[in-house]
Amino acid sequence: MLNTQLVTLLKSFSTAELAQLRLFVQSPFFTTLKDMPLLLDFITNLIEQEKQKTPVDTENETPKQKLQRLEAEQQANEQHYIDAYNYLNPQKATSTPKEVITKKNAELLKLAEQFIEHNYLKKEICNRKYAANILLEHCLVHGLKDKFKNEYKKVEAERAEITTKNAHYHFKSFELAEILGAYNSRFEDKYMRDELKLALINEELDTFYLAEKLEYLCHCRNRMRAVNFKYELNLEKELLNYLPQSPYLQKTVVKIWYDTLMLLIDPTNQALHTQLKNSIVDATNCLIGSEKNTIFAILVNSINQAYPIGPYSPTDRYVQYFNIYKLQSENPDALYLEGNLDLKTFRNIGIAAMRLNELDWAAEFIHEHKAKILNGNNDSEDTYYLLLAEISLSKKEYENARDFLLKIKGENVGLKIDERRVSLKVYYELNEGLFDVTVINFKKFLKLNTDIIEDNYRIQNQNCINFAKTLSKIKNEEIRWGETTKYPMAFLNDLEAEIKNEPMVSDRFWLLEKLEGLKTAQTLKNNRPR
């Protein structure tokens, strides 16, 4: 039993972490298995007993001594399962002690792993302690009763002034409730035990805990979507059955995280999608920046599932993207993380605006937020110039676009691919001999970086190059059909169907736009009087 994953993990916990873990496994928010604290106590005692044993000198033992030691360890290991079984005294158990305890060990291992994740998320969100509460803890530990009472009155008065629109009022209430509970338990002060405001503090504590639990489940759901792998979410079903019937769903912070989790479960629910966007606007002070950033990311991800990518993605998809990005840009704390703007988000917002021909809005956004990405590294500089080049391209300012592209100096493979694809479009429009050079260089770059570029992404860009090269030949009338320089409309229609139905191609919209222009020109030529 000592060599199991559970015991190995628990050995790495400090005494304080083990105490926190015990409170965690006692909480009905995480498990309804009442024997988990008992099993944790048994294993903790077992670990302590092993620490007190005299270490065995395995280097100098004889083969016979080694065999005897291994047999003794095996017997002790089997006895541990029996002792654990008797300690827990499980009711209605039909299996052998070892089978019962092995199964319960697996449950406790899951809880211990969940505790580590939950603790990390909690520290990430609540990363500071209030100085007044630290003083209260000092008074508690050192038995300073009078000092504790005076300081508690001050802290309680301060807490009462905190507006409930601030999500972190929960954290302060949480700390205060914990300290007060410890004080009452230690000193058994009858006056403080009957504190009238304790019920309110406990209500706020429950609100905080439910919001934290829901946020944790949202992170888990989002991770499952990202890695395309499902695993069991402890007590999710019970919590979702409980909340609609409880008064806590009236708490704004709980409702927002509840709606976020429900959207992750059903990303095609457009009514819920809209409701969540409105909730963020109406309760903008209820969440801190990192929490709002998470919810906006989930809203964007839900669009990917609500509007599946088909042969020809609908414009509706980009309208939804743009509406969310506009809303996010109106809440700077939801847009920035630690004062900076993520390069991918910066680029996605610009692309979504350009896709809908919101060129002025895109240009204003890029210039307004460039200070939040320009931190001196090549990737941020290159992303900035790449977006400016794409805006110039959309405005048909091809020379300006070319000049911006020439300023891109970094070696980021992803950005270099984007830069080459934009160059392909720019030189297609400029009718310069550099188009063919760009095609050759782009193909060579993809081939040289085969080990770095994901296969699907490489194929998408190769198909884009091939289609663009065909369009360029048609545009310059380099394809001859019989004795005439005209190219049949049937050929253009077939090419259009090929682009639309090719599942893996980059810049599909641009290719179809250029092809439509060629079809219009061919129609005019065919209808020209002879």
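Every value quoted in this text rests on a predicted model; they were computed, and no experiment measured them. Count residues from 1 along the sequence. We use all heavy atoms of the structure for the numbers below, so side chains are in, but hydrogens, waters and symmetry mates are not.
- One distance of note links CG of L343 with CG of L341; it measures 7.5 Å at 0.5 Å rounding.
- L10 CG to I47 CD1: the interatomic distance, rounded to the nearest 0.5 Å, is 5.0 Å.
- Between Y242 and Y248, the ring planes lie tilted relative to each other; the angle falls in the 30° to 60° range.
- One distance of note links CD of Q328 with CD1 of I280; it measures 8.5 Å at 0.5 Å rounding.
- Residues that satisfy the side chain to side chain donor-acceptor pair (under 3.5 Å) test with N348, not counting sequence neighbours, are absent from this structure.
- Within the 4.5 Å cutoff, the side chain of L214 has heavy atoms near those of the L239 side chain.
- Nearest heavy-atom pair, K500 versus R508, reported as atom, atom and distance to 0.1 Å: O-NH1, 3.3 Å.
- Here the side chain of N301 pairs a donor or acceptor atom with the backbone of A297 at under 3.5 angstrom.
- Taking the side chain as every heavy atom from C-beta outward, K251 and L210 never approach each other to under 4.5 Å.
- Side chain of N463 to backbone of M504: a donor-acceptor contact under 3.5 angstrom is found.
- Atom CG of D382 sits about 11.0 Å away from atom CG of L387, to the nearest 0.5 Å.
- Within the model, atoms NZ of K104 and OH of Y81 stand 14.5 Å from one another, a figure rounded to the nearest 0.5 Å.
- A heavy-atom distance below 4.5 Å is found between the side chains of H219 and T294.
- Scanning both residues, V25 and R22, for their nearest heavy atoms gives CG2-O, 3.2 Å.
- Between Y258 and P244, some side-chain heavy-atom pair lies under the 4.5 Å cut-off.
- Using modelled atom types, no side-chain atom of D507 and backbone atom of W510 make a donor-acceptor pair closer than 3.5 Å.
- Of the charged side-chain nitrogens involved, at least one lies within less than 4.0 Å of a carboxylate oxygen, so that E48 and K51 count as a salt-bridged pair.
- Listed for the N461 side chain is a donor-acceptor partner under 3.5 Å among the backbone atoms of Y457.
- With sequence neighbours left out, K344 forms a salt bridge (charged side-chain N to carboxylate O under 4.0 Å, His left out) with no residue at all.
- F365 and W361 have parallel rings, their planes meeting at less than 30° on a 0 to 90° scale where 60° marks the start of perpendicular.
- Separating the NZ atom in K103 from the CG atom in N105 is a distance of 12.5 Å, to the nearest 0.5 Å.
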